[in-house]
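Have a look at the structure below, then the notes.
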Amino acid sequence: MGTSPEITMILFVAVGCFMAYPEAVTAKHTGITRHYTFNIKPKNIIRLCHTKSIVTVNGKFPGPRVIIREGDRLLVKVVNHVPNNISIHWHGVRQLRSGWADGPSYITQCPIQIGHSYVYNFTVTGQRGTLFWHAHISWLRATVYGPLIILPRRNESYPFVKPYKEVPILFGEWFNADPEAVINQSLQTGGGPNVSDAYTFNGLPGPLYNCSAKDTYKLKVKPGKTYLLRLINAALNDELFFSIADHSLTVVEADAVYVKPFETNVLMITPGQTTNVLLRAKSTAPNVTFLMLARPYATGMGTFDNTTVAGILEYETPSSSLKNRPLLKPGLPAINATNFVANFTSKFRSLATAKFPANVPQKVDKKFFFTVGLGTKPCPKNQTCQGPTNTTKFAASMNNISFALPRTALLQSHFFSQYSKGVYTTDFPAFPLIPFNYTGTPPNNTLVNNGTKLVVIPFNTSVEVVLQDTSILGAESHPLHLHGYNFYVVGQGFGNFDPENDPPNFNLVDPVERNTIGVPSGGWVAIRFQADNPGVWLMHCHFDVHQSWGLGMAWVVLDGELPNQKLPPPPSDLPKC
């Protein structure tokens with residue numbers, strides 16, 4: 001693997017297995033400090049016979065792998081060489097008392113402007129597995145993303161068979177147009193954005209797209225070997241089914257948390273989710289080439305990219321001729337196979353062992369009920385819009401509040417007690433202000449309210465949130481991501497949540513622990529977490545179109561009384577707005 005000049009590495013023999021690009025490592029008590037440099041710069045790239053300039057990290061698409069061990073400290077200097085403002089989010093990292101490094105623009109930091117830099121400085125504590133990093137401003141994460149792989153501590157093993165090889169596969173979404181222009185046009189007209197032109201495996205669209213046979217991802221395997229596939233859905237706006245022809249996969253981890261292993265032929269991964277699977281190659285190499293496919297799971301009423309990305313699983317054999325081998329193609333569920341998705345997601349369970357416990361809160365201090373869905377806002381005067389009507393724009397909301405990004409970072413405002421200056425208010429509703437039949441006939445009034453409204457909770461509060469999909473402008477699955485925390489998925493169902501009859505069926509023994517969960521189309525999901533990480537933490541839909549329309553909110557978790565329960569002051573190089 002080539003090493004870019006920006007990031008060279010001093011490799012100790014002990015970490016020789018790392019296929020990483022750290023530029024230095026220094027010993028520390030529990031881990032190692034790893035240094036990276038991310039140069040944000042443009043690069044011309046050709047896909048689908050279309051050449052365009054994209055924003056990249058170090059000229060790579062997808063971006064460089066970051067590989068560390070549990071307990072390591074990471075220092076990543078991000079230098080912005082492009083006109084776009086930028087910030088980088090370390091998706092799924094708990095960021096314990098390091099909220100200044102979380103990365104969402106205008107939430108925990110102002111974005112990094114052209115010619116400026118910022119060092120993300122954090123320690124990965126109590127986590128191991130597959131996560132990823134991505135830009136967290138507008139739609140720049142369409143091309144600015146890469147894997148974040150956290151290996152177990154030295155001398156620690158996986159709770160499953162040791163793989164022969166580990167392979168990250170990132171699902172992406174390719175636009176021939178500039179994604180920034182796509183979302184800007186949508187926000188201007190109020191209509192749905194133009195959809196992507198292709199899906200990709202590790203940046204490659206594959207042979208089912210126009211003139212893309214040469215841009216095909218190939219996974220070469222040896223007969224009888226076991227491979228750990230680190231699957232990451234970095235697509236902007238689409239949940240994706242994934243399957244490999246004539247091979248079953250064993251799921252062993254979700255969102256960097258080990259799960260009870262289960263076998264499946266088809267996976268569904270939402271944007272923001274990661275899934276580790278074991279692939280056992282056949283004992284003898286068949287004279288066949290196997291396709292791996294991904295295509296969307298889509299339930300909304302809007303248009304979407306209804307195409308399929310293909311890669312190739314190829315057995316290494318003495319016979320080098322592949323041309324005459326038949327191609328085997330996997331079957332995938334129907335585009336809107338909601339029952340399959342519900343059945344699949346219900347299979348995820350925490351290990352819940354002494355070594356990897358499921359510390360799900362058994363009692364709840366504060367309960368919240370958030371509706372999640374689409375809505376409208378009025379078209380500006382003297383303008384014709386392209387929303388549901390020509391007088392409205394599309395919007396999205398939680399509890400009918402469409403989240404408005406402030407002009408300065410919320411975490412700074414909170415830390416220096418500036419919210420009285422009008423940056424944000426603390427009156428986000430804990431329950432819908434006007435209850436209705438959420439999954440039944442939608443109300444006539446679909447207008448949302450705009451605001452930068454937050455929920456404030458004391459340190460170490462145990463929280464339960466029921467996320468309820470609505471049928472306003474069509475029921476739809478929404479992948480909800482919580483920054484700064486993992487949560488336990490204690491229950492889910494279709495229809496309206498029943499506060500009397502549903503909680504007795506909650507799983508409080510071995511629920512899956514995640515950072516991103518799909519709110520079922522026309523249904524609900526219940527999550528619990530312990531608010532033990534002070535700071536300001538965004539919770540939002542990981543469909544970027546819905547986030548752009550306002551589907552999000554933020555939690556303020558106050559400091560605790562002890563020194564190790566307080567957020568430290570911001571670093572001196574924190575970007576300014």
Which atom pair, heavy atoms only, marks the closest approach of Pro330 to Ser243? CB-OG, 3.5 Å
Pair Val512-Arg349, side-chain contact (heavy atoms from CB on, under 4.5 Å): steps then yes or no: CA-CA 5 Å; Val512 69; Arg349 292 279 190 272; 6.0 Å; no
Does the pair Ile335 and Phe304 meet the rule for a side-chain contact (heavy atoms from CB on, under 4.5 Å), with working shown? CA-CA 11 Å; Ile335 289 284; Phe304 61 95; 3.6 Å; yes
Ring geometry between Tyr227 and Tyr164 (parallel below 30°, tilted from 30 to 60°, perpendicular above 60°): perpendicular
Please check: side-chain N/O of Ser350 versus main-chain N/O of Pro511, any donor-acceptor pairing under 3.5 Å? yes
When you measure from the side chain of Asn39 to the backbone N and O of Asn58, does any donor-acceptor pair fall under 3.5 Å? no
What is the minimum heavy-atom distance between Ala281 and Lys222, and which atoms define it? CB-O, 3.3 Å
Nearest-0.5 Å distance, NZ of residue Lys260 to OG1 of residue Thr353: 8.5 Å
Should Val257 and Val259 count as side-chain neighbours, where that means a heavy-atom distance under 4.5 Å? no
Thr250 side chain to Pro261 backbone, donor-acceptor under 3.5 Å: no
Return the orientation label for the His91 and His542 ring planes: parallel under 30°, perpendicular over 60°, tilted otherwise. perpendicular
Looking at Asn233 and Asp238, would you say the former's side chain and the latter's main chain have a donor-acceptor pair under 3.5 Å? yes
Do the side chains of Val167 and Leu229 get nearer than 4.5 Å, heavy atoms only? yes
Mind checking the OG1-CZ spacing from Thr439 to Phe494? Nearest 0.5 Å is all I need. 11.0 Å
Going by heavy atoms in the side chains, are Leu236 and Tyr145 under 4.5 Å from each other? no
Could you tell me if the side chain of His483 sits less than 4.5 Å from the side chain of His136, heavy atoms only? yes
Pairwise distance CZ(Arg69) to CG(Leu151) - rounded to 0.5 angstrom: 5.0 Å
Mind checking whether Phe38 and Trp133 have parallel, tilted or perpendicular rings, split at 30° and 60°? tilted
Could you walk me through whether Thr338 and Tyr297 satisfy the side-chain contact (heavy atoms from CB on, under 4.5 Å) test, starting with their C-alpha distance in whole Å, then the side-chain angles of each, then the deciding distance to 0.1 Å, before giving a yes or no? CA-CA 8 Å; Thr338 294; Tyr297 161 59; 2.8 Å; yes
May I ask you to test the Leu293-Leu208 pair for a side-chain heavy-atom distance under 4.5 Å? yes
Do Tyr485 and Phe487 have their ring centres less than 6.0 Å from each other? no
With heavy-atom distances below 4.5 Å as the criterion, would you say the side chains of Thr143 and Val55 are in contact? yes
From Thr274 OG1 over to Asp255 CG, what is the distance, rounded to the nearest 0.5 angstrom? 4.5 Å
Would you compute the distance between atom CG of Leu96 and atom CD of Gln127 and round it to the nearest 0.5 angstrom? 7.5 Å
Would a distance-only check, ignoring hydrogens and angles, find a side-chain to backbone donor-acceptor pair under 3.5 Å from Thr51 to Ile46? no
Main-chain N/O of Gln95 paired to Asp102 side chain as donor or acceptor, under 3.5 Å: no
Ignoring hydrogens, what is the shortest heavy-atom contact between Pro152 and Tyr258? Give both atom names and the distance. CG-OH, 4.0 Å
Looking only at heavy atoms, which two atoms of Ala310 and Leu291 are closest? And how far apart? CB-CD2, 4.3 Å
Full working for salt bridge (Lys or Arg N to Asp or Glu O under 4.0 Å) between Lys355 and Glu156: CA-CA 11 Å; Lys355 188 171 183 180; Glu156 292 277 337; 2.7 Å; yes
In the structure I gave you, are the side-chain heavy atoms of Thr284 and Pro223 within less than 4.5 Å of one another anywhere? no
Could you check whether Tyr209 and Trp174 have their ring centres less than 6.0 Å apart? no
Give every residue pair that meets the disulfide bond (SG atoms under 2.5 Å apart) criterion with at least one member in residues 264-296, sequence neighbours excluded. none
Can you give me the closest heavy-atom contact between Pro520 and Asp469, atom names plus distance? O-CB, 3.4 Å
Closest non-hydrogen atom pair, Gly518 against Gln273: N-NE2, 4.2 Å
Do the rings of His89 and His481 sit parallel, tilted or perpendicular, given the 30° and 60° boundaries? tilted
Distance-only donor-acceptor check, side chains Asn121 and Arg73, under 3.5 Å: yes
Passes salt bridge (Lys or Arg N to Asp or Glu O under 4.0 Å), Arg47 versus Asp197? Steps please. CA-CA 10 Å; Arg47 292 291 185 275; Asp197 294 282; over 6 Å; no
Are Phe201 and Phe171 an aromatic pair, judged by ring center distance below 6.0 Å? yes
Test item: Tyr199 side-chain N/O and Thr307 main-chain N/O as donor-acceptor pair under 3.5 Å: no
Side chain proximity check, Leu551 to Phe543, heavy atoms < 4.5 angstrom: no
Atom pair CD1/CD1 of Ile169 and Ile244 - distance to nearest 0.5 Å: 6.5 Å
